[in-house]
Amino acid sequence: MGNGHAQCRHLGQIAHFFEGVCFGLFLSMSIVTVQLGQCGNQIGFEVFDALFNDSHCPRGLCSKKENEAYQASCKERFFSEEENGVPLARAVLVDMEPKVINQTLSKAARSGRWKYGQHSCFCQKQGSGNNWAYGYSVHGPRHEESIMNLIRKEVEKCDSLSGFFIIMSMAGGTGSGLGAFVTQNLQDQYSSALKMNQIIWPYGTGEVIVQNYNSILTLSHLYRSSDALLVHENDAVHKICAKLMNIKQISFCDINQVLAHQLGSVFQPTYSGEGSFHYRRNPLGDLMENLVPHPEFKMLGVRNIPQMSENSLAYSTFTWAGLLKHLRQMLISNAKMEEGIDWQVRPPLSGLPPLGKMSVNREIHFNTSIANLVILRGKDAHSADVGAFKDPALYTSWLEPVHAFNVWKTQRAFRKYERSAALVSNSQSLVKPLDRIVGKAWNMFASRAYLHQYTKFGIEEEDFLDSFTLLEQVIASYCNL
Amino acid sequence: MTQSVVVQVGQCGNQIGCCFWDLALREHAAVNKKGIYDEAISSFFRNVDTRVVGDGGSISKGKICSLKARAVLIDMEEGVVNEILQGPLRDVFDSKQLITDISGSGNNWAVGHKVFGSLYQEKILEKLRKSAEHCDCLQCFFIIHSMGGGTGSGLGTFLLKVLEDEFPEVYRFVTSIYPSGEDDVITSPYNSILAMKELNEHADCVLPIDNQSLFDIISKIDVMVNSGKLGAAIKPKSLVTSSTGVFKKRQEKPFDAMNNIVANLLLNLTSSARFEGSLNMDLNEISMNLVPFPQLHYLVSSLTPLYTLADVNIPPRRLDQMFSDAFSKDHQLIRADPRHSLYLACALMVRGNVQISDLRRNIERLKPSLQFVSWNQEGWKTSLCSVPPVGHSHSLLALANNTCVKPTFVELKERFIRLYKKKAHLHHYLQIEGMEESCFSEAVSSLSALIQEYNQLDATKSMPVEDLPRLNVAV
């Protein structure tokens, strides 16, 4: 009798063990975020805040068990546990001067809900002076060891690393130059981990006079060392704040919060497959697999629907059909938000050749995609019909729609939106903005203005020319889709 | 965070410097209520335990004990510096930071530069090194001087070369008071031209200012204050010309109001580096963005608003008006009209409750009326600092690299030539060891070359802007 009991207990223990392992297998892999410069750190804070608040949102519109699984998955991806139960963001904060990091740390600590690790920051006393060359050639090598050590410590805290999410602007000196340097290092030291760079494109009418130089140097370097470039343009987000959110006096905080909302709608957990109720494990890996089939085409954009002020939200209801119809037209007509969409633009009739190669000068143009990912969150997400996105006319001819299009779903609503949809696309929509930046940089380069500031720190005219060449190639490749 | 050292040279430089320190203390007192010595204060002040004798007294954190200015005061006459040391600011300056003489430079650049330069070189170096040692991370030297006299002009520019050699990594920002048309110093054209050559070669950035413009601004404020047109009182602290009321009980000296404007310029220039904001701008970004070619480093500045109304019933001057004023020729600190000349670059440094949308709206609004050089059509550098200046809810400092600075240089050159042709007072210079006629001709060449650069840029003004053909790549 005694032996029998012992045997049962022993089997029970083995069962528990396997259950633990199986549960572990379904836990999400982690993402380590690197926040660089003023922009990167200000945005990083809003992103973690949005992720945390959403995962603790009481109105998930799903079962308690569902909600808990969602929370656990989000937590594993972005937070680690501290002794007294306060979640620590899986993040490394880097800036070459202390003011912003100090602010960021205290904002997080003040919230009481989550915080940054005390020792997760690297800071210096003097900034990069908006000088890409200084960020890349001086700060980079000088602080390489310290920064990579901090990143390593954060990686070691992860059970399983999905990859890196690097947040930076390309107009300044630290985010752009040091960001490019760090990304290159990550490629060398963590060759099997994925890297996605979240890049903020500055307002067209200057924030920084040398922003176009800094931009082309950043983009050309990242194109070689990053796996995907997720782009947000300040001009576009600003319009969303003005037109959709109805904010009168728009601050950078407002802009960053809209951005964080968009990123949250991409990175929060979704089911791993049709009919599955387990959450996807490898967010970065899946994003790359779905959206970056070819290394020549790495630029991704995000669109989100609906986006509105919280006041208006209470009075609005949406159907999946309506949301998806708008989202598809936003994609086709290259609209960045759901207001002012041009409904005249249509995909070319299938079977017929396209209306001629895209020219950056033509106004009305159909936006061809390489790949699209639609993410649906909320009530009855499983019943939403995404067929219209599978239309081959939307895509370039060298990929079958079945490979070019993917959809992720979860019942669990995102923040206060009963139904919301996000679209991450690899398409021609960034070509015009990129072309404008390259054009302005080229005009300035021709006059040799400001070059002495770069050559002072080892970035020569050759380096500029290399960057121009690479980016012209990217533009041409996208235009020829 | 970084520190800056102010080097004030000559009578004018020291008077302005004195006003600067007065206002800096006032600003920090208003922002830092708890009396903690923080990084913002440390950018211009040391915290010293005065009970400790010698050098060991520096305190890097905690409560403020005694603030000492990061400054070096140089004058070849004793009058002004003595007055400072006997005045209410005497405790702010360390007696070891002074270099004085009694005889003065006699309004002679050569005496200031050659005679006193070599006489005091070692001492100057020693004081500068000491002030640098007190800094954790020294980023910038602010030199304040006038161009028309002897000490500020001659010794002040001698300093530049010393700074460049000794501290090559540290920025040299020079605030230079240029002589007005009715200047009573006959030799001011000589002094100015000789000083210009040094500024051309050894300064990173120059902020030219002239007394006439400052005077015009004062007059405008007086008219507003006294007219009673708007009925209400103007907040006294908010005047861009006001001092820390507490200190100045008697009638303000005539130049104080003008000097306070310059002092406010320096405070606003450094505010985004010292205080937090949503879009910071450090001092090294000024040079990076506003100096497209090394020799074109003269920046025209304007400050708005000039005052704030105290009566809340009267609506504050619209925010947008503040932006418009910054581009009007009446608000420039030098006689210049940027609107009708060519912009190479422009920086807008905003303080207070202003957000990015306000900034963008105004740039969009004003852009069409301004002309930018073809290769920098959208050449704007912007910054947002959350902390407003004392007495204001918001303020704007505009720095322009604009060809409108050319007329000042052309006029200076003409006055010089009028004097030089007659060889008037030349012997006072030539009798100084190290001075020859070639010094003058080289200085004039240097200025002519600079004027020529501006001329070439101006010539492109009305040309249509075309996009250059781009690189052709094979796909």
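Throughout, a chain's letter reflects where its sequence line sits, starting with A, and its residues are numbered from 1. Treat the numbers as computed from the prediction; the structure is a model and nothing was measured. Because only heavy atoms are used, hydrogens play no part in the values below, and waters and symmetry mates are left out as well, while side chains stay in.
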Check your understanding: Does a donor on one side chain sit under 3.5 Å from an acceptor on the other, for Glu364(B) and Thr205(A)?
Key -> yes
Check your understanding: Does the side chain of Asn284(B) come within less than 4.5 Å of Tyr134(A)'s, by heavy atoms?
Key -> no
Check your understanding: Hey, does Arg360(B) have a side-chain heavy atom less than 4.5 Å from the side chain of Asp235(A)?
Key -> yes
Between [options], which has the largest tally of heavy atom pairs under 4.5 Å with chain B?
options	answer
Lys248(A), Met96(A), Lys99(A)	Lys99(A)
Leu465(A), Val100(A), Val438(A)	Val438(A)
Gly173(A), Gly439(A), Gly129(A), Ala171(A)	Gly129(A)

Where do [X] and [Y] come nearest, in terms of heavy atoms and distance?
X	Y	value
Asn443(A)	Trp375(B)	O-CB, 3.6 Å
Met288(B)	Asn131(A)	SD-ND2, 3.4 Å
Trp442(A)	Leu468(B)	CD1-O, 4.0 Å
Ala449(A)	Phe293(B)	CA-CZ, 3.4 Å
Thr469(A)	Val473(B)	O-CG1, 4.0 Å
Tyr450(A)	Asn376(B)	OH-ND2, 3.5 Å

Check your understanding: Would Glu97(A) and Thr2(B) count as a side chain to side chain contact (heavy atoms under 4.5 Å, CB included) if you check the C-alpha gap in whole Å, the side-chain angles of each, and the deciding distance to 0.1 Å?
Key -> CA-CA 9 Å; Glu97(A) 69 99 11; Thr2(B) 58; over 6 Å; no
Counting heavy-atom pairs closer than 4.5 Å to chain A, which one of [options] comes out on top?
options	result
Ser374(B), Ala40(B), Ser383(B), Cys137(B)	Cys137(B)
Met1(B), Gln377(B), Arg361(B)	Met1(B)
Pro294(B), Ser287(B), Ala273(B)	Pro294(B)
Thr382(B), Ile286(B), Asp282(B), Ile356(B)	Ile356(B)

Review point. Can you pull out the residues in residues 342-350 of chain B with any heavy atom less than 4.5 Å from chain A?
Key: Leu344(B), Ala345(B), Cys346(B)
Point to revise | Trace of the side chain to side chain contact (heavy atoms under 4.5 Å, CB included) decision for Asn130(A) with Lys381(B) | key: CA-CA 10 Å; Asn130(A) 287 167; Lys381(B) 164 69 180 164; 2.7 Å; yes
To the nearest 0.5 Å, what is the distance between [atom1] on [X] and [atom2] on [Y]?
X	Y	atom1	atom2	answer
Asp467(B)	Arg436(A)	CG	CZ	12.0 Å
Asp136(B)	Lys125(A)	CG	NZ	3.5 Å
Asp435(A)	Arg470(B)	CG	CZ	4.5 Å

Below 4.5 Å from any heavy atom of chain A, which atoms of [X] appear? Answer side chain, backbone, both or neither.
X	answer
Leu471(B)	both
Val373(B)	neither
Asp38(B)	neither
Asp358(B)	side chain

Check your understanding: When you measure from the side chain of Gln355(B) to the backbone N and O of Cys253(A), does any donor-acceptor pair fall under 3.5 Å?
Key -> no
Is it the backbone or the side chain of [X] that comes under 4.5 Å from a heavy atom of chain B, or both, or neither?
X	value
Asp95(A)	neither
Gln249(A)	both
Tyr454(A)	side chain
Gln126(A)	both

